Amino acid sequence: MNEMRVARGLGWFSIGLGVAEIVAGRELGRALGLEDKEWLIRAFGVREIASGVAILATDNPRAAVWSRVAGDVLDLAVLGSGFTEDNPKKGNLALAFANVAGITALDYWCARRLGSARPHGSIATHRANVADGSAPHYRDAEMPASR
């Protein structure tokens, strides 16, 4: 799996999710039993759009993908705060929590791979998609072994 393709997909996903959170913040809050957090859901939508645009606008989106990981942690914290005895929507909340946890794992994997400074697939693919070519393993890979 190519982390640059995953990152670009995450960028588009962020923009779509952000728009949904802004447009339907009230409905999402109701569905999750978080009616009092409508403003926060909309603010998280703005954050999602910013992360998505940053991922799509840069040649190396590592920092922008890490911003998604940080945002996911905030999302999980807010969702976790909804697990109260008086929340009748705990089932919806648990489903949302599981989905965000899964996306968090993908975001984390992608961010780690983007920052690993090692070839992913071929060196040409790595150079074209991840790094600037200055790492030592590029020089080693281009030079024939002298033995």
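Computed from a predicted structure; not experimentally measured.
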A quick test of your reading: do over 12 heavy atoms of other residues, nucleotides or ligands sit less than 6.0 Å from NZ of Lys89?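 Open.
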
What are the two closest heavy atoms between [X] and [Y], and how far apart are they?
X     : Y     : value
Ser81 : Lys37 : OG-CE, 3.6 Å
Ala20 : Leu28 : O-CD1, 4.1 Å
Asn92 : Ala31 : ND2-O, 2.8 Å
Leu32 : Ala96 : CD2-CB, 3.7 Å
Arg8  : Thr58 : NH2-O, 3.0 Å
Gly18 : Glu48 : CA-CB, 3.7 Å

With a 4.0 Å cut-off on N to O distance, would you call Glu35 and Arg30 a salt bridge?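 Salt bridge between Glu35 and Arg30, a charged N being under 4.0 Å from a carboxylate O: no.
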
Under a 4.0 Å N-O cut-off, is there an ion pair linking Arg68 with Asp75?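 Looking at Arg68 and Asp75, the cut-off is not met.
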
Are the side chains of [X] and [Y] in touch, meaning some heavy atoms are under 4.5 Å apart?
X      : Y      : answer
Cys110 : Met4   : no
Leu34  : Leu93  : yes
Phe13  : Ile103 : yes

Determine yes or no for a side-chain-to-main-chain donor-acceptor pair under 3.5 angstrom, with [X] supplying the side chain and [Y] the backbone.
X     : Y     : value
Lys90 : Thr84 : yes
Arg42 : Ile22 : yes
Asn87 : Phe83 : no

For the atom pair CG (Asp72) and CG (Asp107), what is the distance rounded to the nearest 0.5 Å?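 One gets 4.5 Å once the value is rounded to the nearest 0.5 Å.
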
Determine whether [X] and [Y] fall in the same hydrophobic cluster, where Ile, Leu, Val, Met, Phe, Trp and Tyr are linked whenever their side-chain heavy atoms lie under 4.5 Å apart.
X      : Y      : value
Val19  : Ile55  : no
Trp109 : Leu10  : yes
Leu95  : Val100 : no
Trp39  : Leu74  : yes
Val23  : Trp12  : yes

Between Ser67 and Ser51, does the side-chain hydrogen bond (donor to acceptor under 3.5 Å, both in side chains) criterion hold? Intermediate values first, please. CA-CA 7 Å; Ser67 77; Ser51 291; 3.0 Å; yes

Stepwise, does the side chain to side chain contact (heavy atoms under 4.5 Å, CB included) test hold for Leu17 with Phe44? CA-CA 10 Å; Leu17 178 60; Phe44 283 179; over 6 Å; no

Between Val65 and Val6, is the side chain to side chain contact (heavy atoms under 4.5 Å, CB included) condition met? List the steps. CA-CA 10 Å; Val65 175; Val6 172; over 6 Å; no

With sequence neighbours left out, write down each residue that passes side chain to side chain donor-acceptor pair (under 3.5 Å) with Glu21, or none if nothing qualifies.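 Not a single residue meets the side chain to side chain donor-acceptor pair (under 3.5 Å) criterion with Glu21.
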
